[in-house]
Amino acid sequence: MIRRTNASKLAATVAASLVGVALANGAAAAELNFSVMESGTYDKAASQIAAEFASTGTDVKVFAFPWAVLRQNNTTDLISGTNQYDVMSGGYYLADVYSYFSTLDDYIARDNYGEGMIAGLLSPGRSEFVAGKSIGIPYGIDAYGLIYNTEMLEKAGVPPEFASWADLAAACDKIVAANPGTACFSHATGSPEQIGGFFFSGYAGTYISEDGKYALDVPAATAAAEEITALWKYLPEKGTALTFDEAHQLFKDQQVAITVTYPSFITNSLDAEGSPVAGKWGMSQFPGQGFPWLSLWQLFIPSATEDKDAAWAWIKAYAGPENAKRNLVEHNIGSVWAATYEDPELKERNAHFWPALTAGFAAAKNPPLSGEAQDLLTNTLQDIVNGRVSAADGIGSVAAQWANIPVPPAMLEAAAGSDLQEK
Amino acid sequence: MNLAVRLGRATLIAIALVVALAPFVVLFLNSLRPADEFLSAGSGLVPSHITFEHYAEIFDPRGDTFRYLLNSLIITTTSTIIAVLLGAMAAYALARLKLPFRLSIVIGVMFLVIRFYPKITVALPYFLLMRQFNLLDTHLAVIIAHVSLTVPFVVWMLLAFFEDFPRELEQAAIVDGCGPIRRFMLIVVPLMTPALAAAAVLTAFMSWNEFLMASTVAPNFAKTLPVRISGFITDKGILWGSMSAMSSVIVIPVALFALFTQRYLARGLTVGAVKG
Amino acid sequence: MSSVSLSSIEKKYGEVSAVRDLDLEIRDGEFMSLLGPSGCGKTTTLNMIAGLELPTSGTIRIGDRDVTRLTAMHRDIAMVFQSYALYPHMTVERNMGFALMVRGHRPDEIARRVARASEMLSLGDYLGRYPRQLSGGQRQRVALGRALVREPEVFLLDEPLSNLDAVLRVQTRAELSGLFKSLGTTAVYVTHDQAEAMTMSDRIAVFSHGRLQQVGEPLEIYRAPANRFVASFVGSPPMTFLDAVLGEGGEIVSGDLRLSAPVALAGARPGQPIVVGIRPEDVRLADEGLPAIVDVIEHLGSLQVVHLTAAGERIVAQLPEDARLRRGDAVRVRLEPAQLYLFDADAGASIYTPGRNDRSPSHTETSK
Amino acid sequence: MSIPGTIPETRRPVGLVARLERRLGETGILLLFLAPAMLVIAVAQFYPLASSAILSFFDWSLARSPTVGPFIGLDNYARTFKDPIFAGTVTFTIVFAISSTLLQLACGLGIALLTVGESYTLRFVRTLLMLPMVIAPIAVGTIWRMILAARVGPLNQGLAAIGIDGPNWLGDPMWAAFSLIMIDAWEWTPFVAVTLTAALTSLPGDLLRAASVDGAGRWKSFRYIVFPMILPVLVLVAMFRLIEAFLTLDIVFTTTAGGPGYATHTLSFWIYQQGLKYFNISYAAASSWIMLLACVGIALAFLAWRRQVGKWQVSR
């Protein structure tokens with residue numbers, strides 16, 4: 001399951017560790033340390049490209065960690081001043097530490113880098129900015145999607161189009177009735193933060209007040225939370241603590257008609273040889289008045305990185321258009337380059353879900369929330385759907401406590417850019 | 001005891017054994033289970049067939065497990081040796097020093113208090129301190145933390161031991177011409193071997209198993225095995241197979257070690273409560 | 001070999017004085033016993049000589065060196081402990097040679113001295129054994145041997161016989177006595193057993209409550225005790241004490257009992273309260289004398305200890321076994337005035353003792 | 001027979017060590033012995049502890065600024081007490097710690113009474129029963145997360161085999177809390193058992209024989225003789241377990257991660273999140289000092305109780 005990166009290359013010796021890794025930076029001229037998620041996709045691609053990149057004279061060491069650990073390590077590395085990683089992978093949840101990254105506007109302008117990228121990706125609210133300057137270079141895009149089993153939906157006579165979560169809940173009744181012994185949908189309910197995907201799409205309001213504080217449109221948010229609570233009834237039995245893998249397995253085993261997930265996590269395996277649902281699935285656009293949760297992996301160069309030119313060169317190799325198709329085909333990394341989606345061969349092969357997928361990319365956003373603010377929201381949503389607190393009380397509590405959490409300046413920019421600040 | 005009582009007792013013991021040991025069995029069986037059997041219901045307690053793929057995976061020569069294993073070994077051994085040595089010296093000094101104002105007792109209690117506060121309180125400032133010393137992510141940072149956590153145990157245990165240490169034996173050594181250093185090295189330490197062994201066993205377990213401090217100051221290069229485990233819980237799912245295999249690697253040697261060092265372990269654990 | 005001299009020694013633990021105002025001269029080559037009940041300061045005194053404890057004030061000299069502030073390791077003394085304090089993890093040989101090793105002696109020198117000492121103590125067969133493989137008596141000899149190999153200026157012995165059984169103790173007492181006589185080294189011997197002190201010592205220092213009561217040769221201590229405490233502590237069975245007053249004309253009156261005073265007590269005024277001490281062996285049966293009733297008889301084999309009531313007072317007598325007595329028998333006893341001990345009733349200081357008044361030692365015959 | 005009176009020249013201990021010992025003196029050396037341990041503890045425990053106390057009066061989030069912010073007095077503490085999540089966390093922690101401790105004491109005492117004895121079998125059984133305690137708490141969490149997986153875990157499958165529909169162990173807030181209590185009890189009951197076994201073993205055998213001669217039955221001799229005599233140990237064990245349960249962190253990480261929602265946030269876990277995830281250093285410091293003082297309070301209360309029930313030992 002766990003695909004290790006070409007980790008022998010990290011062969012960080014025990015001695016080096018004893019001496020202190022801070023020293024390692026001194027030799028950065030010919031060496032770059034790259035932190036990336038350990039997923040069997042991003043990290044594998046990184047190792048592959050690093051091997052090719054060695055010909056430029058720069059040895060890229062790939063450090064791969066699971067998401068939570070990666071986030072923690074990156075943050076810790078920056079604020080502790082350890083400065084171990086020269087290029088980091090991450091997303092908007094690093095907002096707390098944006099100030100530790102260097103701006104890349106000069107490089108972007110010099111190489112006219114954004115040309116050919118999916119429209120709007122290099123703008124605030126989608127990729128990361130500090131004081132109007134770009135700091136994050138996108139390399140992998142994904143947006144929450146709704147993947148359905150064609151047969152099971154047809155049996156119930158339900159068209160795969162849902163305007164809202166309430167809509168889906170209504171459809172669920174029919175789906176369950178038509179497919180006895182199954183449940184309506186599965187989701188990674190055990191990952192506490194993933195419930196955010198339902199909220200962000202179900203809630204049409206803003207997240208930051210006019211005066212720059214975290215704020216919610218409480219009635220709208222409460223309604224969204226209630227919709228999610230209602231929907232939770234249609235999870236499989238004992239299905240409130242599933243991992244993505246478990247949720248996907250239920251879909252593949254046709255125990256559920258729908259799975260709510262990040263498409264890149266699952267689409268490859270659904271069409272794989274021997275898949276019981278091959279040819280029997282489709283993807284529909286995400287319900288709700290809000291936005292599908294964007295997952296935009298970006299590369300950052302910490303200010304402390306010494307050889308920024310080499311780091312930029314690595315970014316271009318890893319995130320640039322040259323390897324985009326291969327990354328997509330071999331590792332299912334969502335390409336950020338518009339051209340990839342015009343590839344006739346790929347377009348045809350993926351006709352059953354690409355339209356919904358690319359539509360999702362266009363609509364997807366990140367919520368302008370720091371980790372602390374987002375955790376407060378998603379944990380409370382979990383409490384709401386599990387009946388520990390009512391939707392009104394829970395949302396009220398989030399709104400009250402958000403007032404105490406400072407908004408990182410970058411989040412203000414993002415919120416403005418993605419139209420999520422109150423005007 | 002009549003038969004009914006004996007049978008009842010045996011039954012209860014059997015139940016206790018099952019409850020205590022079943023999780024180990026589950027862990028070990030899961031580490032041998034094919035990956036595709038983790039996600040579907042009805043795969044049963046015993047794997048359909050046994051595979052070593054998870055062990056092969058975590059011990060992939062290109063992987064880091066060997067490094068983590070080595071880290072754990074280095075940190076545990078070094079911490080244990082240092083903690084036992086420093087602890088024995090400190091306990092000896094506390095037992096023999098005639099300090100004013102019952103200072104010995106105050107210091108002794110100070111050692112004890114370390115057991116009573118949340119380690120999370122010190123984890124963060126300690127992280128900042130190590131950052132200042134440029135020691136983040138080094139073995140040394142973890143070792144210092146582990147020594148500071150275990151030395152109090154050692155001191156406390158050995159203080160109880162020194163209360164029983166025959167005073168005349170040391171007086172004899174003084175008359176024979178030994179100052180404190182030689183008394184300690186030539187008389188006290190050799191006679192304390194069982195107590196030192198108990199302290200060492202306990203310290204080794206604590207260091208090998210410790211998670212919080214290790215994860216705080218050594219996220220990467222100096223990462224230990226327990227810290228690695230938490231990494232198998234990924235955002236996509238739990239890598240059950242690898243996690244079971246890795247947990248087995250952490251747990252099974254310790255369990256075996258515990259079987260052999262049971263006496264010392266029990267002594268080390270109980271000396272505080274039963275004697276104090 | 002050296003003399004040991006303690007002058008104006010005071011030892012306090014906090015507010016409590018363990019030893020007060022102690023002046024004691026132990027002569028070169030002398031075997032000196034420190035005798036007293038537990039808690040009297042004798043062991044503290046020994047530890048101060050050893051250097052295991054430092055006096056609060058005063059001076060200690062060994063030979064011509066002032067060692068008051070030296071710790072034990074720098075004094076040239078050897079010590080035998082009550083528990084023997086053998087190192088359990090060392091063989092007999094290493095136990096005996098340890099001090100020499102610490103002091104940097106050459107291995108052949110150590111071997112030679114250990115061999116000699118073990119020969120003297122018949123330990124040759126046990127050199128390879130560990131202490132726990134030895135009997136109590138053997139351990140005691142190893143402890144002694146460990147001191148002997150040191151060839152120190154002074155030997156210090158802290159109740160070395162108290163952990164032996166009764167028979168072995170008497171036997172070892174004699175051996176030890178002989179050994180130290182032949183060594184001729186100064187030895188200080190702490191004991192609470194007056195018989196050990198009496199039989200082994202050149203001189204005895206009697207302690208009570210942290211004070212030195214009397215120093216003297218054994219018989220001197222016995223026959224001329226300096227005060228009531230010494231008289232009571234030395235002698236077995238112990239002396240009988242009667243509260244009395246001096247009557248008119250040199251009489252001693254204790255209840256109904258009237259005894260004639262041994263001599264005209266100069267300066268004594270009639271009516272002065274005193275304490276009369278009677279050694280059990282000084283009480284004899286006689287045809288004439290004080291009428292008494294036998295209360296309890298303890299047979300010791302060759303002797304019997306008889307508890308009598310005479311004129312309302314209880315008196316203990318030590319008599320030969322040939323006096324056939326039974327409980328309740330009426331007898332008559334005689335108390336020689338010259339053998340009485342008289343003490344000041346308040347301070348307990350001796351007013352009269354048979355020994356000090358230069359009586360012939362024939363009185364002690366009955367004590368065998 | 002006599003040893004010749006040749007006095008060797010060297011009457012003093014020799015060598016480097018001896019010189020050092022003479023130079024520094026007894027007290028000097030002993031202080032030197034004490035110093036390294038004190039130093040390590042001062043650096044790695046007391047300094048961080050003190051600096052945490054100081055930081056708790058400042059406003060500092062490391063995420064926002066690499067340097068300490070302004071002095072804000074007791075604001076962090078005030079904020080803690082107003083924080084509804086903190087309050088919920090405290091409630092859960094108390095319920096968790098007390099339930100888990102009581103469960104451990106009951107099971108541990110039972111096991112100690114069942115397995116006390118010197119036979120080879122009983123000793124081996126005791127060793128086996130000790131195992132849950134010696135393994136890494138973080139691994140305890142992973143093992144139980146596997147066992148408790150609601151849909152595919154062996155426990156629910158086993159229950160299904162005997163016709164019981166097992167609960168949603170980690171997915172339901174109540175069951176998740178119960179699961180954590182159970183896991184903690186599984187892990188630490190051996191500690192209680194080991195300690196109480198030692199206490200039982202150290203009871204004078206004469207006493208129990210005397211009790212049985214006096215005609216006390218099994219229950220009575222336990223109730224009136226054994227229990228009062230092991231009570232002082234039991235109290236100490238309860239204190240250790242209660243405080244350590246209060247500090248539980250590792251198993252939360254790998255089983256519930258505090259969830260679902262905030263259902264199983266222990267205090268330590270919450271402080272960990274505040275401090276090491278959000279880097280709200282000063283806020284986390286204030287919370288952890290509140291927790292520390294609570295622990296000291298618990299310890300003092302237990303020690304006072306221990307003195308009460310241990311009075312018979314004083315006059316021993």
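Please read these numbers as outputs of a predicted model, since none were measured by experiment. Below, chain A is the first sequence line, B the second, and so on; all start at residue 1.
- Summarising the geometry, atom CZ belonging to C:R75 is positioned 11.5 Å from atom CD1 belonging to B:I174; distances are rounded to the nearest 0.5 Å.
- The distance from atom CD1 of B:I187 to atom CZ of C:F98, rounded to the nearest 0.5 Å, is 4.0 Å.
- Sparse packing is recorded around CZ of C:R94, with 12 or fewer heavy atoms of other residues, nucleotides or ligands lying under 6.0 Å away.
- With C:H74 contributing its side chain and B:G177 its backbone, the two residues share no donor-acceptor pair below 3.5 Å.
- Without hydrogens or angle criteria, B:E168 side chain to C:A85 main chain gives no donor-acceptor distance under 3.5 Å.
- Within a 6.0 Å radius of CD in C:Q171, more than 12 heavy atoms belonging to other residues, nucleotides or ligands are found.
- When the shell of 6.0 Å around CZ of B:F28 is examined, it contains 12 or fewer heavy atoms from other residues, nucleotides or ligands.
- Summarising the geometry, atom CG belonging to B:D176 is positioned 11.5 Å from atom CE belonging to C:M79; distances are rounded to the nearest 0.5 Å.
- Counted within 6.0 Å of NE2 on C:H89, heavy atoms from surrounding residues, nucleotides or ligands total more than 12; the atom is thus considered enclosed.
- To the nearest 0.5 Å, atoms SG (B:C178) and CZ (C:R103) are separated by 8.5 Å.
- Two residues are said to be in side-chain contact when any heavy atoms from C-beta on lie closer than 4.5 Å; C:P88 and B:L169 meet this criterion.
- Applying the 6.0 Å contact sphere to CG of C:D64 captures no more than 12 heavy atoms from other residues, nucleotides or ligands.
- The line from CD of C:E53 to CD of B:Q171 is 7.5 Å long, rounded to the nearest 0.5 Å.
- For the pair C:Y87/B:P190, no side-chain contact is recorded, criterion being any heavy-atom separation below 4.5 Å from C-beta on.
- Under the side chain to side chain contact (heavy atoms under 4.5 Å, CB included) rule, B:V175 has a single partner from C:L156, C:V80, C:I77, C:T71, which is C:I77.
- Environment of CZ in C:R65: crowded, with over 12 heavy atoms of neighbouring residues, nucleotides or ligands closer than 6.0 Å.
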